[in-house]
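Accompanying notes for the structure given below.
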Amino acid sequence: ALKNLDQCWALWHEMEDRRAMVPNDIVLGCMLDALVCNGQIDEALDLFRRLKSRVPGNTVLWSTLIKGFANTHQAERAMDAWREMRSEGVQMNTVAYNAVIDAQARVGAMDAVSTLVETMAVDGCTPDTITYSTIVKGYCVKGDLDKAFEVFRGMQKNRMAGDSIIYNTILDGCTRHGRMDLADILLEDMEKLGVVPSNFTLGILVKMYGRRRQLHKALEVVKELPARHGFLPNAQVRTCLMCTCINNNALDTAFEVFEDVKKHSHSIDAKAYGAMISGCIRYGWLARAVALVDEAYRLNQQGGKGSPSHPNRQDSRGGQVLEIETLEHLLRSLAQHGMMEDHGVPLLERLRAAKAPVSGRLFAYAMGGDNDTK
């Protein structure tokens, strides 16, 4: 319901304009939450300030606004809201502090985080597992993995690191910043302490082994970890493995994983098709790339007439709508290899006949209008 913002506003105007009712803090909180969930933080702040004389700001209302600032990476505005809360004597609690700390951690503003943690004690608020997990995330964002690991070890000592979420946070930071030494220690800890991994953990490991050029370990972990812990790799993990195969010069294996994704998923998104098409172009498998475009748009299927529909990046046949850059890249490669007449032009004709969304730029490539194709 919160995502249906038009309906929320209709109910709000019914209450305020037609019934002349004054909202209480609960109703205002729900409306602010709806605006924040839809990315309209400025509108939420305007509404909050307009009603502030009639509905005093409390911890929940302020925390909702701060969550909006965090979601939009407006760390300084979150700090301004925190300062205003304290200046107005609003009762602070750990949940409110966690929201402000999260806003700073998302942008790696760790000096601000330190200030907030120090002030928590002054306001009688005790840091909890979420607080420390968020601090770890902030150090990972900043790239200070040694400091993140130091806080994490403190959490372990105080029995605050029992599930995979905090391990995933640091593993992801290690992978992004190339700290494979710490990643190996974390994996040993997870195994020793019996921490149950998730699909998110699995996806991080696939990326990590891919960057280490250890494709065999990526394939191995996708096979063994879910079997050991009783879960199935989801489509995101399989797609990640597919991209890892491409980046490790194993296109044949990537196609095997791609077929596995198709077997275990109801549909494959445009991102997966785009990755495979780009991989084929990189390795010169251009005819195979053309076949993937046919498959993505379902050009070999009968029926499916009508104008394209884009809500799920699908066309009128239920096929995927690929990024125009992917198709342009393919057409340039076909032209450069003298394959435009036999493969490029027929492909564009099939796309047009299927009423797939094809721009004039693509037809310009077919006519030799781009300098790169000449």
Side-chain angles (χ1 to χ4, degrees), residues 59 63 66-67 70-71 92-110 113-114 116-121 123-209 217-218 220-234 236-237 240:
T59 311
S63 296
I66 291 170
K67 180 180 73 172
N71 291 343
M92 297 297 297
N93 60 25
T94 301
V95 173
Y97 264 106
N98 284 345
V100 191
I101 290 171
D102 182 48
Q104 309 312 307
R106 291 188 187 207
V107 298
M110 300 312 294
V113 168
S114 297
L116 290 165
V117 173
E118 290 172 2
T119 314
M120 287 183 77
D123 289 341
C125 302
T126 304
D128 60 11
T129 302
I130 295 174
T131 311
Y132 289 114
S133 297
T134 307
I135 292 171
V136 169
K137 177 176 70 176
Y139 281 121
C140 287
V141 170
K142 189 178 179 181
D144 191 346
L145 271 298
D146 290 317
K147 193 65 177 178
F149 214 79
E150 180 184 321
V151 177
F152 170 70
R153 284 303 192 204
M155 293 180 67
Q156 285 183 316
K157 184 178 179 180
N158 292 292
R159 300 182 182 277
M160 301 174 76
D163 59 33
S164 65
I165 296 175
I166 184 63
Y167 287 87
N168 291 342
T169 299
I170 306 184
L171 274 174
D172 189 49
C174 291
T175 300
R176 291 177 184 275
H177 296 285
R179 290 299 306 271
M180 303 311 174
D181 54 326
L182 295 180
D184 289 337
I185 294 172
L186 281 170
L187 291 175
E188 291 175 6
D189 279 0
M190 291 182 73
E191 187 70 26
K192 181 173 62 178
L193 299 173
V195 177
V196 179
S198 64
N199 265 303
F200 192 75
T201 316
L202 191 56
I204 295 170
L205 294 177
V206 169
K207 291 177 185 176
M208 181 185 76
Y209 288 130
K217 285 194 173 183
E220 183 180 280
V221 77
V222 171
K223 181 179 180 181
E224 294 183 358
L225 204 65
R228 194 186 312 156
H229 294 279
F231 68 95
L232 293 174
N234 60 20
Q236 288 76 21
V237 168
C240 182

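Not measured: the values here are computed from a predicted model. In this chain, numbering begins with 1 at the start of the sequence shown.
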Reported [atom1]-to-[atom2] distance for the pair [X] and [Y], which is rounded to 0.5 angstrom:
{"X": "Phe200", "Y": "Asn234", "atom1": "CZ", "atom2": "CG", "value": "11.0 Å"}
{"X": "Asp184", "Y": "Met208", "atom1": "CG", "atom2": "CE", "value": "6.0 Å"}
{"X": "Met110", "Y": "Ile101", "atom1": "CE", "atom2": "CD1", "value": "9.0 Å"}
{"X": "Asp172", "Y": "Leu205", "atom1": "CG", "atom2": "CG", "value": "10.5 Å"}
{"X": "Met180", "Y": "Leu171", "atom1": "CE", "atom2": "CG", "value": "10.0 Å"}
{"X": "Thr134", "Y": "Gln104", "atom1": "OG1", "atom2": "CD", "value": "11.5 Å"}

Closer than 3.5 angstrom, by distance alone: can the side chain of [X] be matched with the main-chain N or O of [Y] as a donor-acceptor pair?
{"X": "Asn93", "Y": "Val95", "result": "yes"}
{"X": "Thr201", "Y": "Ser198", "result": "yes"}
{"X": "Thr94", "Y": "Thr126", "result": "yes"}

[X] atom [atom1], over 12 foreign heavy atoms within 6.0 Å:
{"X": "Leu182", "atom1": "CG", "value": "yes"}
{"X": "Ile130", "atom1": "CD1", "value": "no"}
{"X": "Lys207", "atom1": "NZ", "value": "no"}

Side chains of [X] and [Y]: closer than 4.5 Å at any heavy-atom pair?
{"X": "Val196", "Y": "Ser164", "answer": "no"}
{"X": "Ile166", "Y": "Met160", "answer": "no"}
{"X": "Asp189", "Y": "Leu187", "answer": "no"}

Tell me the closest heavy-atom pair linking [X] and [Y], and the distance in Å.
{"X": "Ile170", "Y": "Ala148", "value": "CD1-O, 4.4 Å"}
{"X": "Cys174", "Y": "Leu186", "value": "SG-CD1, 4.3 Å"}
{"X": "Met155", "Y": "Ser133", "value": "CE-OG, 3.5 Å"}
{"X": "Val141", "Y": "Gly108", "value": "CG1-N, 3.7 Å"}
{"X": "Asn98", "Y": "Thr131", "value": "OD1-OG1, 2.5 Å"}

Decide, yes or no, whether a salt bridge links Glu150 with Lys147 under the criterion of side-chain N to carboxylate O below 4.0 Å. yes

Is Asp102 salt-bridged to Lys137, going by a charged N under 4.0 Å from an acidic O? yes

Please identify each residue that fulfils side-chain contact (heavy atoms from CB on, under 4.5 Å) with Ser63, with sequence neighbours left out. Thr59, Ala96

Considering only residues two or more places apart or on different chains, which pairs with a residue in residues 146-182 satisfy ring pair (Phe, Tyr, Trp, His ring centres under 6.0 Å)? Phe149-Phe152, Phe152-Tyr167

Please test Asn71 against Lys67 for side chain to side chain contact (heavy atoms under 4.5 Å, CB included), starting from the C-alpha separation and ending with a verdict. CA-CA 6 Å; Asn71 291 343; Lys67 180 180 73 172; 3.9 Å; yes

What verdict does the side chain to side chain contact (heavy atoms under 4.5 Å, CB included) test give for Tyr97 and Thr119, after you've listed the backbone C-alpha separation in whole Å, the side-chain angles of each residue and the deciding distance to 0.1 Å? CA-CA 9 Å; Tyr97 264 106; Thr119 314; 3.3 Å; yes

Side chain to side chain donor-acceptor pair (under 3.5 Å) between Tyr132 and Asn158: does it pass, once the steps are laid out? CA-CA 11 Å; Tyr132 289 114; Asn158 292 292; over 6 Å; no

